[in-house]
Protein chains: 2
Amino acid sequence: MNQRSSAVQREIRQTRGFRSRSQEATVALLRTASVVSRTLGRVVEPHGLSLAQYNALRIVRGAGRAGVATLAVRERMIEEGTTITRILDKLEAAGLIRRKRSEPDRRQVLCYVTEKGGRLLTELDPKVDAADEAAVAALGATRTEDFVRMLDDIRRANAVSGAARSTAVRAGGR
Amino acid sequence: MNQRSSAVQREIRQTRGFRSRSQEATVALLRTASVVSRTLGRVVEPHGLSLAQYNALRIVRGAGRAGVATLAVRERMIEEGTTITRILDKLEAAGLIRRKRSEPDRRQVLCYVTEKGGRLLTELDPKVDAADEAAVAALGATRTEDFVRMLDDIRRANAVSGAARSTAVRAGGR
DNA sequence: AAGCAATAATTGCTATGATAACTATATCGG
DNA sequence: CCGATATAGTTATCATAGCAATTATTGCTT
């Protein structure tokens, strides 16, 4: 087994091929995410936002007039990391969000999108949509659905950290 | 369309759902890669290597006795733009690789794995293999092959930067 | 109601990543 | 052979990620 030469094998040309199909898959996953991440980054960075900042700004907008607490933003970020405070600092300094200590529970700090932030997102939305489309256009609609399902399955099985929303992880195909 | 509630939608619970299937797919891709990357990182980090360092060390080992030039290592890395010199500095300082200026062409610096580096990799190999298996076990063998093909297709379509090693890109599965 | 654990957010420190500028060597054109 | 250009690698700079420790506030427990 393992003698079909995939594009990853050609791209990351190692003298020895992959040791397993699983290894090939994880490498392909990480490398593909890296490529797509850069592509998306190039869309938002000319507007002064890193991809993480854009992601956070969208989450704050999604919360609407009710606002969203700092750590709730972190939970919804693509990258799970912890630097959320500083990302929000930047967005606030740029006038894209506004922060206000919550009233019943004064520990929380709620974030709201400003008009300026909303305008920037409105400007970015179509560009990011187009980039998203372009990124997975090679799959076509049907395979895109399969693709999302596979990714969901992988994440579900790897749900160690986070909210552990496992719900009886079936062993799947194997 | 777009009314099926995927796991991503639940995980990144936004008030508004995804604006498109493509957006759902790119978010799922990036988030899944982040999860898997952390999982793999947890395997190698206890041995004093970051995932990037492990990746570089494996590439150097893959080159064997012939050695491999610095920039050639960078090309084969999972993350494309990375600061390869400092990663190799760390590996050399840890005694895992050895560097030597190339002789016919004195611009190049060739890297070789040391015995110590080889031993560390031999120790890590089964653990990483197991982690790779676990990461995509949810897909099973058949879907894993599909998965790799989809990722290859996406990367091929997004091959803007990098070495542009296209060479008459077959449309593959589609 | 005093003490203690839990939660929310921030900050400090260190390491890493991205980009671009810089140095050294090699190659090509005349 | 000399200068222009390309290639290989390193270094500098800056922003960000990750981890741990800290502060502020709340809720629980007796």
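Below, read A as the first sequence line, B as the second, and so on, with proteins coming before strands; counting in each chain starts at 1.
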| task | Nearest 0.5 Å please: distance from the CD atom of E133(B) over to the OG1 atom of T26(A). | result | 9.0 Å
| Between R143(A) and D146(A), does at least one N-O distance fall below 4.0 Å, as a salt bridge requires? | no
| request: Would you indicate whether the side-chain heavy atoms of L40(A) and Y54(A) approach each other to under 4.5 Å? | output: no
| said: Rounding to an integer number of Å, can you tell me how far L71(B) CG sits from dT25(C) C1'? | reply: 13 Å
| request: Determine, stepwise, if the pair R98(B) / T114(B) fulfils side-chain hydrogen bond (donor to acceptor under 3.5 Å, both in side chains). | output: CA-CA 6 Å; R98(B) 173 170 67 80; T114(B) 64; over 6 Å; no
| said: Can you identify which nucleotide, out of dG17(C), dA9(C), dA17(D), has its nearest atom closest to the R86(B) side chain? | reply: dG17(C)
| Nearest-nucleotide pick for T83(B), side chain only, options being dT16(C), dG18(D), dG17(C) | dG17(C)
| OP1 or OP2 of dA8(D) sitting under 4.0 Å from any side-chain N/O of T70(B)? | no
| query | Heavy atom of residues 101-108 of chain B under 4.0 Å from DNA chain D: which residues? | reply | R107(B), Q108(B)
| query | Taking atom P of dA9(C) as reference, at what distance in whole Å does atom CD1 of I97(A) sit? | reply | 12 Å
| said: Can you tell me how far apart CD1 (I59(A)) and CD1 (I84(A)) are? Round to the nearest 0.5 Å. | reply: 7.0 Å
| field | Carboxylate-amine/guanidinium contact R119(A) E123(A), below 4.0 Å | value | no
| Expressed in angstrom and rounded to an integer, what is the separation of I87(B) atom CD1 from dT11(D) atom P? | 15 Å
| said: So, taking the atom named CG in L91(B) and the one named CZ in R99(B), what distance separates them when rounded to the nearest 0.5 Å? | reply: 8.5 Å
| message | Return whichever of E45(A) or S50(B) has its heavy-atom-nearest nucleotide of DNA chain C closer to the 5' end. | response | S50(B)
| Between atom CG in L88(A) and atom P in dA8(C), what is the gap in whole Å? | 15 Å
| query | Which nucleotide, dT16(C), dT19(C), dA9(C), lies nearest any side-chain atom of Q53(B)? | reply | dT16(C)
| message | Can you identify which nucleotide, out of dG9(D), dA8(C), dT11(C), has its nearest atom closest to the V109(B) side chain? | response | dG9(D)
| message | I want to verify a distance call: between dT10(C), dT10(D), dG17(C), whose nearest atom is closest to the R99(B) side chain? | response | dT10(D)
| note | Here the distance between atom C1' of dT7(C) and atom CZ of R74(A), to the nearest Å, is 11 Å
| message | Measure CE/M77(B) against P/dT16(C) and give the value in whole Å, please. | response | 12 Å
| remark: When rounded to whole Å, the CG to P distance for the pair L110(B) and dT10(D) reads 11 Å
| Please give, in whole Å, the distance from dT16(C) C1' to N55(B) CG? | 15 Å
| query | Given that K90(A) and A69(B) both sit by DNA chain D, which one's nearest nucleotide is further toward the 5' end? | reply | A69(B)
| Hey, does T85(A) reach any base, or is it just sugar-phosphate, or nothing, if we go heavy atoms under 4.0 Å? | base
